[in-house]
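Keep in mind that the numbers below use all heavy atoms, side chains included, and drop hydrogens, waters and symmetry copies.
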Amino acid sequence: MDLVQSSPSSDCVEARHCGRVKLFCYSSPKMEPVHAACALLSLAPLLVLGVPPIGIQPEQVHLSYPGVSGSMIVTWTTFNKTESNVEYGLMGGRLFDMSAKGYATLFVDSGEEKREMYIHRVTLTDLKPAAAYLYHCGSDEGWSDVFFFTSLNDSTSFSPRFALYGDLGNENPQSLARLQKETQLGMYDVVLHIGDFAYDMHEDNARIGDEFMRQIESIAAYVPYMTCPGNHEAAYNFSNYRNRFSMPGHTESLWYSWNLGSAHIISLSTEVYFYLEFGLDLLFKQYKWLQQDLEEANKPENRAVRPWIITMGHRPMYCSDDDQDDCTKFDSFVRLGRNDTKPPAPGLEDLFYRYDVCLLSGSELWAHEHTYERLWPVYGDKVHNGSKEQPYVNPKAPVHIVTGSAGCREKTDRFNPNPKEWSAFRSTDYGYTRMQVVNTTHIYLEQVSDDQYGKVIDSIWVVKEKHGFSAWA
């Protein structure tokens with residue numbers, strides 16, 4: 001079968017097979033992106049001339065945002081060395097009239113089999129803001145399916161929509177189907193996966209990691225899939241996590257920051273407080289980086305355009321699960337630091353408070369606990385509501401959200417029957433969180449229960465009319 005553009009300016013493609021000709025026409029630029037993509041994706045079988053050997057076939061395709069306006073990173077895996085190419089084009093325009101070339105790195109898993117795979121990375125640049133693109137990746141030895149994405153809007157007045165969750169496994173990934181559908185319907189601009197992937201990526205000589213990355217392709221190939229490491233990534237010094245994902249900066253995706261709309265978003269590794277065998281210096285290196293990043297974000301000229309500082313890390317500072325760890329003790333290395341190291345390791349709560357990281361002027365998003373919990377504004381283990389009637393309007397301390405119930409083989413957790421006063425709402429339903437940074441003063445969050453067929457079981461508006469440390473006064 002041969003595919004021929006009927007004319008350089010035509011919106012139609014001729015498919016010739018066994019002497020027969022069939023004309024397929026795709027939509028004009030005015031057609032809605034999702035509908036246009038669906039029409040085009042229905043032609044995907046026509047674009048495949050043969051099934052290449054699995055070793056050179058691209059798989060596990062996912063996107064990430066490198067933090068540079070007008071760009072996107074496409075990452076994928078092959079099991080033999082091939083070229084790293086992405087062909088792409090504007091939705092409704094000529095198919096694949098642009099191309100970009102990248103590179104592949106060899107990743108050798110540390111399991112007994114020492115399985116080898118090639119991780120390919122290609123950065124697309126000069127993307128038009130908020131424009132819909134079609135793309136596929138690979139080489140002439142084998143191409144992926146055709147996917148689509150919408151480039152991020154680089155305006156500070158952009159109101160981005162997020163899906164956020166942690167603890168999504170390969171086994172019992174209960175929320176996955178709903179997230180897949182909602183992503184392809186265009187409900188989200190970005191997904192934040194707040195640690196713990198696959199359960200676990202290194203298992204079965206990293207085959208579980210491969211299968212999980214195939215599972216999330218139906219989300220991550222369509223929107224930037226932004227991550228941070230959790231405790232389930234710790235095997236072999238987080239090697240599967242560090243090799244499979246492509247986050248901004250030069251810290252192997254362990255910690256980084258980026259800007260979107262009126263928010264400055266920080267991803268950090270809480271695991272540096274727990275896996276000291278991989279180097280205590282990582283803890284202090286991250287802390288120093290974090291302090292410098294917050295200082296830069298708090299410069300008046302930067303805070304004026306991006307007043308919200310949102311952080312995400314896997315293990316929470318506050319939680320009330322009955323799981324015999326930090327939650328049960330109402331204590332946290334991440335919050336208070338460690339005194340059993342030399343020198344003592346500083347915690348993060350005072351640092352975040354000093355720079356007005358309120359879940360939302362900052363925002364503090366956590367996972368690890370297999371539940372959903374919303375807290376009242378809290379600092380120093382005490383509630384600091386904006387007012388009794390409107391606790392999240394001009395709150396006097398950071399707001400924390402724990403969202404770790406997307407679905408995994410460890411099931412959901414039980415709650416401590418006697419939570420502290422800062423616990424505002426708790427649910428053991430499987431589900432995930434939606435967030436929209438609406439403007440410089442308002443952020444909206446809601447919790448979706450997958451157990452209740454997508455019902456929104458909790459929602460809040462966080463309103464801050466003033467940002468910076470003085471906002472706590």
Hey, is [X] close enough to [Y] for a salt bridge, meaning N to O under 4.0 Å?
| X | Y | result |
| --- | --- | --- |
| R214 | E211 | yes |
| E271 | R242 | no |
| R434 | E182 | yes |
| E301 | R306 | no |
| K464 | D356 | yes |
| R426 | D321 | no |

Ring-ring centroid check [X] [Y], cutoff 6.0 Å:
| X | Y | answer |
| --- | --- | --- |
| Y199 | H232 | yes |
| Y133 | F148 | no |
| F245 | H62 | yes |
| Y188 | F162 | no |

What are the two closest non-hydrogen atoms of F79 and E116, and how far apart are they?
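Looking at all heavy atoms of both residues, the shortest contact is CD2-O, 3.8 Å.
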Working note: W376 + Y392, criterion ring-ring contact (aromatic ring centres under 6.0 Å, His included); need CA distance, chi angles, decisive distance, verdict.
CA-CA 8 Å; W376 301 120; Y392 299 107; 5.7 Å; yes
Evaluate the criterion ring-ring contact (aromatic ring centres under 6.0 Å, His included) for residue pair Y432 and Y372; output intermediate values, then yes/no.
CA-CA 8 Å; Y432 50 93; Y372 168 75; over 10 Å; no
Worked check of ring-ring contact (aromatic ring centres under 6.0 Å, His included) between W422 and Y318
CA-CA 9 Å; W422 37 252; Y318 295 93; 5.3 Å; yes
Quick one: do the [X] and [Y] side chains pair a donor with an acceptor below 3.5 Å?
| X | Y | value |
| --- | --- | --- |
| D109 | H202 | no |
| D293 | H264 | yes |
| R303 | N298 | yes |
| T77 | E59 | no |

Going by ring pair (Phe, Tyr, Trp, His ring centres under 6.0 Å), Y222 matches just one of F149, F147, Y135. Which one?
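With Y222 as partner, F149, F147, Y135 yield a single ring pair (Phe, Tyr, Trp, His ring centres under 6.0 Å), made by F147.
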Test your reading of the model: is there a side-chain donor-acceptor pair from Q174 to the backbone of C408, 3.5 Å cut-off?
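Answer holds: no.
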So, the side chain of S423 versus the backbone of K420: is there a donor-acceptor pair under 3.5 Å, distance only?
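Such a contact is absent between S423 side chain and K420 backbone.
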